[in-house]
Amino acid sequence: MDYMQLTIALVMGVCLSAACGFRIFVPLLAVGLAVRFMGLNATPALAWTATDLGLVGLSAATLVEILAYYIPWVDNALDTIHGPLALVAGTLLVGGLLGDMPPALQWGLGVVAGGGAAGAVKAGAATVRAGSTATTGGLGNCIVSTVENGCATIGSALAVVAPVIAAVFLILMVAVMCIVVNKIRRRRAAE
């Protein structure tokens, strides 16, 4: 793998990992579809996503996850278990897209870049959801869920089709999330 391919794979992995901060299964499904139908190169750690069973399982899990986030109070319960799972999925995505390198470096980058991106986005999304729950009693969380679903889907699709554009989308998404989180913190501090 040359440096350009390595850079593209790393950017793709980080963007997919960030999408894991919103929904765990959407980016994994995107990778499975890209491996199966677009010839995306992935290590054996991600090869299972492109199998028949992997695609069916990820499709079902994606649907259940998306719908569950529209149920008030279930969404907050999911956020509790979603955090650690997003870190694992982010690590798997980055590490699984980086081939032809020493395993310690491959999985070290997976933990730092993938787990870090997923964790940062998850922390911001959880803060936004908590702010929505506090101000609307959970009834406004369906709007938050719709935005999160859109970011996970668009970010994942862009990551596998146009990783550089996905990186720009990720930067814009994080900037907007930081603005919203700061507004929520200021509002809490004023109370």
Acceptor/donor pairs from residues 14-23 side chains to any protein atom, 3.5 angstrom cut, sequence neighbours excluded:
from: S17; atom 1: OG; to: G13; atom 2: O; distance (Å): 2.8
from: S17; atom 1: OG; to: G90; atom 2: O; distance (Å): 2.9
from: R23; atom 1: NE; to: N149; atom 2: OD1; distance (Å): 2.7
from: R23; atom 1: NH1; to: E148; atom 2: OE1; distance (Å): 2.9
from: R23; atom 1: NH2; to: E148; atom 2: OE1; distance (Å): 3.0
from: R23; atom 1: NH2; to: N149; atom 2: OD1; distance (Å): 3.2

Distance-only donor-acceptor hits, side chain of residues 154-174, under 3.5 Å, sequence neighbours excluded:
from: S156; atom 1: OG; to: A152; atom 2: O; distance (Å): 2.7

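Annotation for I143: atom CD1 does not count as buried by contact number, only 12 or fewer foreign heavy atoms lying within 6.0 Å.
A donor-acceptor contact shorter than 3.5 Å is absent between the side chain of S132 and the backbone of V128.
Taking each heavy atom of D79 and A126 in turn, the nearest pair found is OD2-CA, 4.2 Å. When all heavy atoms are compared, the tightest approach of T80 to P84 is O-CD, 3.7 Å. Listed here is the closest heavy atom pair of C142 and Y70: O-CE2, 3.4 Å.
In this structure, CE on M12 lies 5.0 Å from CG on L40, to the nearest 0.5 angstrom. Once rounded to the nearest 0.5 Å, the distance linking CG of N182 with CE of M177 reads 12.0 Å. To the nearest 0.5 angstrom, I179 atom CD1 is 12.5 Å from I184 atom CD1.
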For this session: Check the pair N141 / T133 against side chain to side chain donor-acceptor pair (under 3.5 Å), numbers first and verdict last.
Result: CA-CA 7 Å; N141 288 4; T133 300; 2.8 Å; yes
For this session: Just do the side chain to side chain contact (heavy atoms under 4.5 Å, CB included) check on L6 and D2 with the steps written out, would you?
Result: CA-CA 6 Å; L6 178 64; D2 67 18; over 6 Å; no
For this session: Start with the C-alpha distance between R129 and D75, add both sets of side-chain angles, then the distance that settles side chain to side chain contact (heavy atoms under 4.5 Å, CB included), and finish with yes or no.
Result: CA-CA 9 Å; R129 183 173 302 283; D75 57 350; 2.9 Å; yes
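F37 and L28 fall within the same hydrophobic cluster, defined by Ile, Leu, Val, Met, Phe, Trp and Tyr side-chain heavy atoms under 4.5 Å apart, directly or through other members. Residues L93 and L55 share a hydrophobic cluster, clusters being chains of Ile/Leu/Val/Met/Phe/Trp/Tyr side chains in contact below 4.5 Å. When the side chains of ILVMFWY residues are joined at heavy-atom separations under 4.5 Å, either directly or via intervening members, Y69 and V144 end up in two distinct hydrophobic clusters. When the side chains of ILVMFWY residues are joined at heavy-atom separations under 4.5 Å, either directly or via intervening members, V26 and L97 end up in two distinct hydrophobic clusters. Clustering ILVMFWY residues whenever any of their side-chain heavy atoms sit less than 4.5 angstrom apart, transitively, puts V31 in a cluster other than the one holding L87.
Screening residues 40-60 for side-chain hydrogen bond (donor to acceptor under 3.5 Å, both in side chains) gives R36-D52 as the qualifying pairs, with residues at least two apart or on separate chains.
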